[in-house]
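Just the heavy atoms: all of them, side chains too, but no hydrogens, waters or symmetry mates, feed the values below.
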Amino acid sequence: MRVSTTVVQAEPVRLTFPSTFWWGAATAAYQIEGSVDADGRTPSIWDTFAAQPGRITGGDTGAVSTGHYERFREDVKLMAELGLSAYRFSIAWPRIRPAGGHGVNAAGLDFYDRLVDELLTAGIQPVATLYHWDLPQELEDTGGWTSRETALRFADYAAVMGARLGDRVAMWNTLNEPWCSAFLGYGTGGHAPGRRGHVHALTATHHLLLAHGLGIEALRAAGATGTLSVALNAGAVRPLTASAEDADAARRIDGLLNRIFFDPILRGSYPADTVEDTRDLTDWGFVRAGDLATISTPVDAVCVNYYQPDLVSAAPAGVLDHGTCYPTAQAVQFHPTPGPVTHMGWSVDPTGLRDLLLRIRRDYGDRPLYVTENGAAYDDRPGPDGDVDDPERIGYLRGHLAAVHEAILAGVDLRGYFVWSLLDNFEWAFGFSRRFGLIRVDYATLERTIKASGRWYSEAITHNGFDL
Ligand code: NCW
């Protein structure tokens, strides 16, 4: 018997983005700049941390990294070649604050001034993050983010930057992922400054939030014309089963990852359940009268960095797993989401991004949103011709941009998307062992090579969309 089969080829679906959509890429100062002793920069907590044996894979440090401080003009040319409409970078506070803390370091300011002008000349919108984890070591020596004073010093710094760049920066993020600064820097100790303690993490959270609010006020007072915002690493937290216990575990983690930041900034209050969940640890006495009014100073947009959803369940007493990050009396267990993972071990699940964007609109109102980071590390290597073929990263970007598109169709006011990262770079505790870039960096020569994913992204930018 002969069986004939007809293969039905599905027509590709074209996804087109709003005409004003920002196609961006992001980096952070300590991860790319190098030149840690140049032009009056002072040490940051990451210089100190990376110098401690056992902290960073391979003993790597950001001392040289991609050499961007010297090569920023070449990097802006590469951004222009990709066709980026916006570039998100961070300003190294230790380049601005001189030793001893009096006055400002003019040479540090000049660097960012030149970078911003170079971007504008290339037709690329500058998006500046004031704090992407590189606290001046001198401020850590007086308590770091567990000290309220640090928030006040941050406000001074924000005022300086607003006065200098406020006429040209298109969007500001006060902080990048304050959850990481607080919970990894002061909770688990896996990030700089390497301090451990749940109360430290909660205290740091509050002072970071206070710094954010003061920073927004300072930028506004300085006449900054750009969109004022903050970048939160938010995620969809999902219960493993439909049980009440697992739902409660998800609620607790959602409180300590998402709502502990979103609620004070967008509603002017801490989530009552999260405060209650942590009562055995602290009476939250670090919150002073007026702080929440400062923290909830209106922002112009909400920025989120998304990598993966979290899948959690209630755990038997004593099992804390990855939940050691979280000061929650009842144990929570984190589970791998079924499906592919990146070289970071992070699950690839674009539905988490769509759900997150819809959730922000549902719970916090219809606001301008940006995805200020999304991307993937893969162990990609150059072929014999030097080209880097990274189909997994293309698949990751395609899937997540489709999720962004879905959210836009559902009515979310999503205005831009930034790939993490423009360049391979110093991936914090993982050193140079993880590569997130659209552009490969050869760390021996500092040569840059646009990867296949960079070419794919560039095509998507040219067409303001892509075929799914
Ligand atoms: S580590 C991290 N990242 C990566 C980093 O390169 C970038 O600077 C950050 O903004 C890529 O994007 C962010 N995020 C931390 C995610 C949480 C990891 C949780 C570990 C628990 C032990």
Next item on the list: Scan side-chain atoms only and decide if D39 and N105 contain a donor-acceptor pair under the 3.5 Å cut-off.
Entry: no
Next item on the list: Sequence neighbours left out, what passes ring pair (Phe, Tyr, Trp, His ring centres under 6.0 Å) with F111? Give chain and number order.
Entry: Y69, F72
Next item on the list: Would you check if the side chain of T337 reaches a backbone N or O of D310 as a donor-acceptor pair within less than 3.5 Å?
Entry: no
Item checked: F21 vs W23, ring pair (Phe, Tyr, Trp, His ring centres under 6.0 Å): CA-CA, chis, key distance, verdict -> CA-CA 6 Å; F21 192 73; W23 296 87; 5.2 Å; yes
Check: Ignoring hydrogens and geometry, is there a side-chain-to-backbone donor-acceptor pair from Y396 to G375 under 3.5 Å?
Finding: yes
Next item on the list: Might you work through the side chain to side chain donor-acceptor pair (under 3.5 Å) test for D379 and H343, ending with a clear yes or no?
Entry: CA-CA 6 Å; D379 188 16; H343 196 200; 4.7 Å; no
Note to self: Between S85 and W22 (side chain of the first, backbone of the second, donor and acceptor by atom type, cut-off under 3.5 Å), is there such a pair?
What the structure shows: no
Next item on the list: Apply the test side chain to side chain contact (heavy atoms under 4.5 Å, CB included) to residues D117 and R168: give CA-CA distance (whole Å), side-chain angles for both, the deciding distance (0.1 Å), then the verdict.
Entry: CA-CA 8 Å; D117 283 345; R168 285 161 291 152; 2.9 Å; yes
Next item on the list: Run the ring-centre check on W145 versus H200 and record whether the distance is less than 6.0 Å.
Entry: no
Item checked: For H405, all residues meeting ring pair (Phe, Tyr, Trp, His ring centres under 6.0 Å), sequence neighbours excluded -> F17
Notebook entry, point to check: Would a distance-only check, ignoring hydrogens and angles, find a side-chain to backbone donor-acceptor pair under 3.5 Å from D113 to L165?
Noted result: no
Check: Do side-chain atoms of D390 reach the backbone of E392 as a donor and acceptor pair under 3.5 angstrom?
Finding: no
Check: If only atom types and distance count, is the side chain of R393 paired as donor or acceptor with the main-chain N or O of A376 below 3.5 Å?
Finding: yes
Margin query: Quiz question: by atom type and distance under 3.5 Å, do the side chains of D263 and Y364 form a donor-acceptor pair?
Written below: yes
Next item on the list: State whether a side-chain donor-acceptor pair under 3.5 Å links N374 with Y417.
Entry: yes
Next item on the list: For the pair D254 (side chain) and R252 (backbone), establish whether a donor and an acceptor sit closer than 3.5 Å, ignoring hydrogens and angles.
Entry: no
